[in-house]
There are 2 protein chains.
Amino acid sequence: MKTNNPETKERILQAAQKEFAARGFAGARMEAIARGAAINKAMLFYYFSSKDNLYRTVLLGVFSEIFGEIGRFLSPTLTPGLLLEKFPEIYIRFIARHPDLLRIMVFDLIHNPENVTAAMSGIIHDKMAFAPQPFLELITKWHRQGLISEGDPLHFMMNIVALSIFSFIGKPMVEAISGIQIKDDADFFRKRIASVVNVLKRGMLK
Amino acid sequence: MKTNNPETKERILQAAQKEFAARGFAGARMEAIARGAAINKAMLFYYFSSKDNLYRTVLLGVFSEIFGEIGRFLSPTLTPGLLLEKFPEIYIRFIARHPDLLRIMVFDLIHNPENVTAAMSGIIHDKMAFAPQPFLELITKWHRQGLISEGDPLHFMMNIVALSIFSFIGKPMVEAISGIQIKDDADFFRKRIASVVNVLKRGMLK
DNA sequence: TATTATACTAACCTTATGGTTAAACTAATT
DNA sequence: AATTAGTTTAACCATAAGGTTAGTATAATA
């Protein structure tokens with residue numbers, strides 16, 4: 001028998017990710033996804049049975065990639081200085097390469113946080129070899145050792161992620177406010193990373 | 001003659017804002033908006049001629065409210081310490097009261113930044129009595145006076161807004177990562193504000 | 001070569017949805 | 001009381017879009 005073509009499935013997921021990122025769940029068109037994957041619309045239902053399910057699959061993939069990237073970086077031998085120095089760079093550059101992932105994630109964080117939380121937590125524990133709980137404990141230990149000023153590990157984490165993520169959401173906003181059009185993306189991201197690292201180190205390290 | 005009922009128009013805008021915030025532009029249903037405003041669907045088109053136009057109107061309102069709140073706070077007599085101390089509180093508490101505004105703004109920042117930039121910049125210049133350009137100059141002046149460490153006013157601004165906004169986007173994310181369910185919102189926001197102010201002051205003040 | 005299971009398509013179905021229309025209602029004006 | 005103009009509704013329309021179906025192509029197996 002012809003072996004199930006994983007190529008097709010992959011093509012569908014790629015096209016779906018693009019379409020969902022560009023238009024959100026409700027705005028995305030199955031027809032457009034099919035066109036993007038160069039197949040008949042019925043194939044989407046053959047492989048994924050419904051729009052909902054296709055979306056769920058894409059979403060899991062997104063979380064998987066994002067937290068995979070983060071998990072690869074975290075380790076028990078980490079120091080606070082190294083974390084604050086390297087995380088923003090890794091994260092910002094990763095998202096710059098895969099802006100669709102952030103779009104989909106943020107859309108869901110805003111519109112159905114309840115749904116997302118469940119999907120996320122499963123992935124997080126799978127993909128972060130160095131699991132989150134020990135990570136929070138590590139931060140607490142750093143604080144007890146007098147290495148960092150922020151005592152609440154949750155807010156320590158939020159501050160790091162917030163500054164990194166906002167590079168993307170905030171770019172058009174800042175452009176509107178300042179009236180300046182950011183043309184050199186590479187330069188912008190370099191400066192953004194420098195600023196974030198600087199604020200984090202000065203702001204949270206002792 | 002009966003005078004055009006501005007009450008109805010206002011009710012429509014309120015309902016529309018709610019619906020657009022909950023489901024995004026494509027997901028929002030005109031029928032649902034009509035129900036929310038307790039009127040016939042045709043009235044939406046009578047007052048706003050199209051879904052697109054209704055959305056645009058809502059969007060302008062959103063920007064108007066958000067930047068109104070910000071503009072009310074900014075003034076030429078501001079000091080860096082005061083800005084970093086008060087802005088996060090004002091902004092976070094405002095959004096906590098009007099989460100719909102943030103949802104709509106972020107959705108658009110992510111999905112059609114080009115469109116948004118234009119709409120925004122008009123509003124910004126109207127609503128910020130103390131216009132943005134002088135504000136950026138003020139930051140530059142602070143830097144020249146040796147009051148702040150961050151030299152680029154754009155990134156100075158981004159850091160402030162990023163940490164404030166992320167309180168909302170990031171909450172479910174952090175819940176998923178930590179496995180902790182944040183139940184006491186008031187307490188969470190209080191701690192969040194304290195953490196943000198602390199990081200900003202330590203990180204960007206000299 | 002006949003069979004069979006998978007991969008795939010064209011055409012179709014149904015419902016939901018943005019948008020329209022024609023008529024009714026309301027209240028100020030004459 | 002009759003007119004007039006803005007406001008509101010019920011019923012309708014066209015089409016877009018998710019989903020289905022029936023059938024075809026392909027290739028491995030017997």
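Throughout, protein chains are lettered first and strands after them, A, B, ... in sequence-line order, and every chain is numbered starting at 1.
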A:E85: side chain to side chain donor-acceptor pair (under 3.5 Å) partners, not counting sequence neighbours: A:K201

Separation of atom OH in B:Y46 from atom C1' in C:dC25, rounded to whole Å: 12 Å

Nearest-angstrom distance from the residue atom NZ of A:K9 to P of C:dT6: 14 Å

Residue pairs involving residues 73-106 of chain A (criterion ring-ring contact (aromatic ring centres under 6.0 Å, His included); sequence neighbours excluded): A:F87-A:Y91, A:F94-A:H98

Side-chain heavy-atom pair A:L83, A:W142 within 4.5 angstrom cut-off: yes

Sugar-phosphate only, base, or nothing, as touched by B:L44 at under 4.0 Å among non-hydrogen atoms: nothing

Annotated protein contacts, base or backbone, on nucleotides 16-23 of chain D with a non-hydrogen cut-off under 4.0 Å, one of B, S, - each: -SBBBB--

Any residue meeting side chain to side chain donor-acceptor pair (under 3.5 Å) with B:E175, in chain and number order, not counting sequence neighbours: none

Give every donor-acceptor pair under 3.5 Å between a side-chain atom in residues 166-174 of chain B and any protein atom, sequence neighbours left out.
unit_1: B:S167; atom_1: OG; unit_2: B:S164; atom_2: O; d: 3.0
unit_1: B:K171; atom_1: NZ; unit_2: B:D185; atom_2: OD1; d: 2.9

Partner set under side chain to side chain donor-acceptor pair (under 3.5 Å) for A:E69, not counting sequence neighbours: A:R72

d(CZ, B:F48; C1', C:dG19) in whole Å: 16 Å

Gap between atoms CD and C1', on A:E7 and C:dT6 respectively (whole Å): 16 Å

C:dC8 phosphate, OP1 or OP2, under 4.0 Å from A:Y47 side-chain N/O: yes

Nearest-angstrom distance from the residue atom CG of B:N53 to C1' of C:dG19: 14 Å

Euclidean distance, atom CE of residue B:M43 to atom C1' of D:dA10 [Å, nearest integer]: 14 Å

